[in-house]
Amino acid sequence: MNNPTGAEANDEVRAGIRAVLADLVQVELDPSADEIGLSTLYGQYDSLTVLDAVGAVEQRFGVSIDLVDDDLRSTFASVASIDELVRRKIADRAVLDVSF
């Protein structure tokens with residue numbers, strides 16, 4: 001699939017986030033729990049895991065996440081919130097045509 005449609009691209013982003021996080025917490029993530037706080041679901045999802053998640057998400061999606069401006073406590077709280085941040089970063093990059 002070379003140029004996925006909007007819905008397919010969003011699904012790919014969300015699935016990619018789940019894959020990154022699953023590698024970090026060593027548990028397969030359930031898509032029906034995307035809105036639930038990751039620290040609630042996985043005791044091993046602590047502040048150090050969040051930092052690892054930031055690096056893995058940046059690498060996988062080619063985005064840059066600011067540790068202060070992007071408020072990691074809220075943006076990395078759930079799969080859904082990470083997805084929202086990543087899609088915003090990708091859209092910003094497309095508009096500005098530069099890598100963050």
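Computed over heavy atoms, backbone and side chain alike; hydrogens, waters and symmetry mates excluded.
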Walk me through whether T49 and D52 qualify under side-chain hydrogen bond (donor to acceptor under 3.5 Å, both in side chains).
CA-CA 5 Å; T49 308; D52 289 339; 5.3 Å; no
Walk me through it: do Q44 and V27 pass the test side-chain contact (heavy atoms from CB on, under 4.5 Å)?
CA-CA 10 Å; Q44 65 271 42; V27 176; 3.9 Å; yes
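No donor-acceptor distance shorter than 3.5 angstrom exists from the side chain of S39 to the backbone of Y45, with no hydrogens or angles considered. Remark: the backbone N or O of L72 is not paired with any side-chain donor or acceptor of D70 at under 3.5 angstrom. Side-chain atoms of S78 do not come within 3.5 Å of backbone N or O of L38 as any donor-acceptor pair. Of the possible donor and acceptor atoms, one in the side chain of K89 sits under 3.5 Å from a partner among the backbone N and O of S64. Here the side chain of R93 pairs a donor or acceptor atom with the backbone of G62 at under 3.5 angstrom.
What you find for S81 and S74 is that their closest heavy atoms are OG-O, 3.3 Å. Of all heavy-atom pairs spanning R87 and V13, the tightest one is CG-CG1, 4.2 Å.
Summarising the local packing, CD of E84 is surrounded by 12 or fewer heavy atoms from other residues, nucleotides or ligands at distances under 6.0 Å.
I82 has its side chain out of reach of T75: every pair of non-hydrogen atoms, C-beta onward, lies at least 4.5 Å apart. Residues L21 and Y42 are not in side-chain contact: their nearest non-hydrogen atoms beyond the backbone lie 4.5 Å or more apart. Side-chain contact check for D34 versus R18: some heavy-atom pair is nearer than 4.5 Å. Counting heavy atoms from C-beta outward, V57 and L85 have side chains that stay 4.5 Å or more apart. Side-chain contact between I17 and F61: present, with at least one pair of heavy atoms (C-beta onward) separated by less than 4.5 Å.
Distance check, rounded to the nearest 0.5 Å: CG of D23 to CD of E28 gives 11.0 Å.
Taking hydrophobic clusters as Ile, Leu, Val, Met, Phe, Trp and Tyr residues chained together by side-chain heavy-atom distances below 4.5 Å, L67 shares a cluster with F76.
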